[in-house]
Amino acid sequence: MLAQEVKKEEEFLTKLSPFLSKTYFSINLGGVFYPYSNANLANGYSSDKISKNPFSGRFLLGYKFTPNFSIQYGVLRPASWFEYDNVNDIGYKRSVWTNIWSLSLKKNFQLNKKLSAFAELGIANVARVGFLINDVNVYADAHYGSIITGAGLQYEINDKWKLSLNQVYIPESKTHNQPSIAQTSIGFEYHLKQLPKDSITIFAKNEYFFPKNTIQLSYGNSGIGFGANRFFSMELQTGNSSIGVPVFWVGDSKARHALSVTYQRTAFRSKKLFSLDWGVSITAFQTELRKENVFAFSIFPVLRFYVWRTKRFDMYTSYSVIGPTYLTKKDIDGVDLKIGPRITYQDAMGLGAFFGKNRKYNFELRIMHYSNGNIFTKNGGIAIPLQFTLGKTF
């Protein structure tokens, strides 16, 4: 009876849930264009040079109500911020940050078996961070809602992959002194698909370990430093240059101490290399600057990749982003750091292993970060130092 229950549980984990089986993610890269000019600056201020790097990305998570009708949520942002150089000919150089989160409906119209056209309509959260010069608000911050429209073409490679040519447009807002925003991009959609029944049975019978439940206790302090955080944010200084991999974030506020309790449960697994987990956590931390004590309550997804499996342990890397979080304080370490409101996101990266008889134990090194992804104009971010984690599976 126990063996049958284990088999059913393993088969369940190798099946996509009804929700996941209708989801997709989309990555699009291209140029973003907004006609900022000296007319946007306060009276008496101008720049003789404007730096425009149009390269940008739009990243979306979608859910299909029908094969040709879906809802999608995501972010559009440039690779680097727009800059006004040499303001008033006295060397000031200031940047304008513009970030757009959107929730939209998308409708596809089949042109033939492989090619379709689509239209998009939704709402956008526009957050712009302007700049001050000598306490003068030269270009004010702005935060407002707008409509977002889009259109494009998609070519279906197979039932999982689609190539896309996209055009997105957000109209000008004269009220908020914001020019129109347009992005032209190319990219792809990847649609999750249920495995065939015979593959599910095979995967459920394999010998590879995936934990059903894991509970973890983590601790870190600033004495260990933020080297890992800076390396994975490409901000680790070596002489006059920075090195690293730009896949994470640091933060204007830094935690002096951090203690976390985390529970994770596997929602889906592949045959050997990948699992999707869901987790909840409570983190208590104290800031370095003002020694403020804060609690963070989070729920989050985890992408786990198993990189080395041996008879004694299974090693993995994990990555978690956009975990909705409630902070018990706002304006942490003072308003000048722009940490923002209590509602934010948790991001985490880890390297760990399951070990011991039946892989009952877990060890992990983890870095974490809190910020709101520029949904609001205040987004300084909070860096949690490297945490040492011990866990138990069950």
Side-chain angles (χ1 to χ4, degrees), residues 2-15 200-229 231-232 245 247-248 255 257-285 296 298-321 323 346-369 384-394:
L2 181 60
Q4 289 180 340
E5 291 177 356
V6 171
K7 180 181 177 182
K8 287 181 179 180
E9 177 66 26
E10 289 302 311
E11 286 190 357
F12 174 77
L13 293 179
T14 57
K15 291 181 181 179
I200 291 174
T201 302
I202 292 171
F203 285 13
K205 291 179 179 178
N206 70 47
E207 72 278 13
Y208 298 113
F209 171 80
F210 291 88
K212 181 180 177 182
N213 303 283
T214 307
I215 189 164
Q216 299 171 312
L217 181 66
S218 309
Y219 175 76
N221 65 67
S222 57
I224 300 170
F226 295 87
N229 307 62
F231 177 82
F232 287 105
V245 182
V247 294
F248 206 69
H257 301 284
L259 179 69
S260 303
V261 178
T262 304
Y263 167 77
Q264 295 182 36
R265 181 179 176 86
T266 300
F268 171 77
R269 71 172 181 86
S270 67
K271 180 180 180 181
K272 178 181 179 180
L273 299 178
F274 170 76
S275 71
L276 172 64
D277 301 354
W278 296 102
V280 293
S281 67
I282 301 174
T283 297
F285 64 89
S298 307
I299 181 170
F300 51 88
V302 182
L303 304 177
R304 196 185 306 276
F305 302 90
Y306 289 84
V307 295
W308 191 14
R309 291 187 180 273
T310 72
K311 292 182 178 180
R312 295 187 176 183
F313 61 85
D314 293 308
M315 181 177 289
Y316 63 84
T317 62
S318 62
Y319 193 71
S320 174
V321 292
Q346 175 183 280
D347 307 305
M349 284 181 61
L351 174 67
F354 296 104
F355 61 94
K357 186 178 180 181
N358 298 323
R359 302 297 194 261
K360 288 184 177 181
Y361 303 103
N362 169 240
F363 175 77
E364 183 175 298
L365 298 173
R366 178 192 301 163
I367 54 175
M368 291 202 305
H369 166 87
I384 303 297
L386 183 68
Q387 289 185 307
F388 293 85
T389 299
L390 292 176
K392 177 74 168 57
T393 67
F394 59 98

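The structure displayed is predicted, hence computed values, not measured ones. For reference, positions follow the sequence shown, starting with 1.
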Please report the closest heavy-atom contact between [X] and [Y], naming both atoms and the distance.
| X | Y | value |
| --- | --- | --- |
| K271 | R269 | O-NH1, 3.7 Å |
| T262 | F300 | CG2-CZ, 3.7 Å |
| P385 | G220 | CG-C, 4.0 Å |
| F285 | A296 | CE2-CB, 4.4 Å |
| P301 | W278 | CB-CZ3, 3.6 Å |

**Message:** Taking atom NZ as the centre, does K392 end up with more than 12 heavy-atom neighbours from other residues, nucleotides or ligands that are less than 6.0 angstrom away?
**Reply:** yes
**Asked** How about Y361: does its OH atom have over 12 heavy atoms from other parts shown lying under 6.0 Å from it?
**Response** no
Below 4.5 Å, heavy atoms only, C-beta onward: do [X] and [Y] meet side chain to side chain?
| X | Y | answer |
| --- | --- | --- |
| L390 | L217 | no |
| T266 | S275 | yes |
| M368 | S218 | no |
| Y219 | I224 | no |

**Prompt:** Checking side chain to side chain contact (heavy atoms under 4.5 Å, CB included) for the pair V307/Y316: CA distance, chi angles, key distance, verdict?
**Reply:** CA-CA 5 Å; V307 295; Y316 63 84; 5.7 Å; no
**Item:** Test applied, side-chain contact (heavy atoms from CB on, under 4.5 Å); reference residue, Y263; option that passes from N213, I282, T214
**Value:** N213
Measuring from [X]:[atom1] to [Y]:[atom2], what's the distance to the nearest 0.5 Å?
| X | Y | atom1 | atom2 | result |
| --- | --- | --- | --- | --- |
| Q346 | T283 | CD | OG1 | 5.5 Å |
| I384 | I367 | CD1 | CD1 | 11.0 Å |
| D277 | Q264 | CG | CD | 5.5 Å |
| L303 | S318 | CG | OG | 9.0 Å |
| N221 | Q387 | CG | CD | 10.0 Å |

**Item:** Parallel, tilted or perpendicular: rings of F248 and H369 (30°, 60°)
**Value:** perpendicular
**N358 (side chain) donor-acceptor with K360 (main chain) under 3.5 angstrom** = no
**Asked** Who are the ring pair (Phe, Tyr, Trp, His ring centres under 6.0 Å) partners of F274, not counting sequence neighbours?
**Response** F305
**Item:** Trace of the side chain to side chain contact (heavy atoms under 4.5 Å, CB included) decision for L276 with V302
**Value:** CA-CA 6 Å; L276 172 64; V302 182; over 6 Å; no
Side-chain donor-acceptor contacts of residues 347-355 below 3.5 Å, not counting sequence neighbours, with atom names and distances?
residue	atom	partner	partner atom	Å
D347	OD1	I322	N	3.0

**Asked** Per the ring-ring contact (aromatic ring centres under 6.0 Å, His included) rule, which among F209, Y208, F210 passes with Y306?
**Response** F210
**Asked** Of all residues at least two apart in sequence or in a different chain, which pass the salt bridge (Lys or Arg N to Asp or Glu O under 4.0 Å) check with D314?
**Response** R309, R359
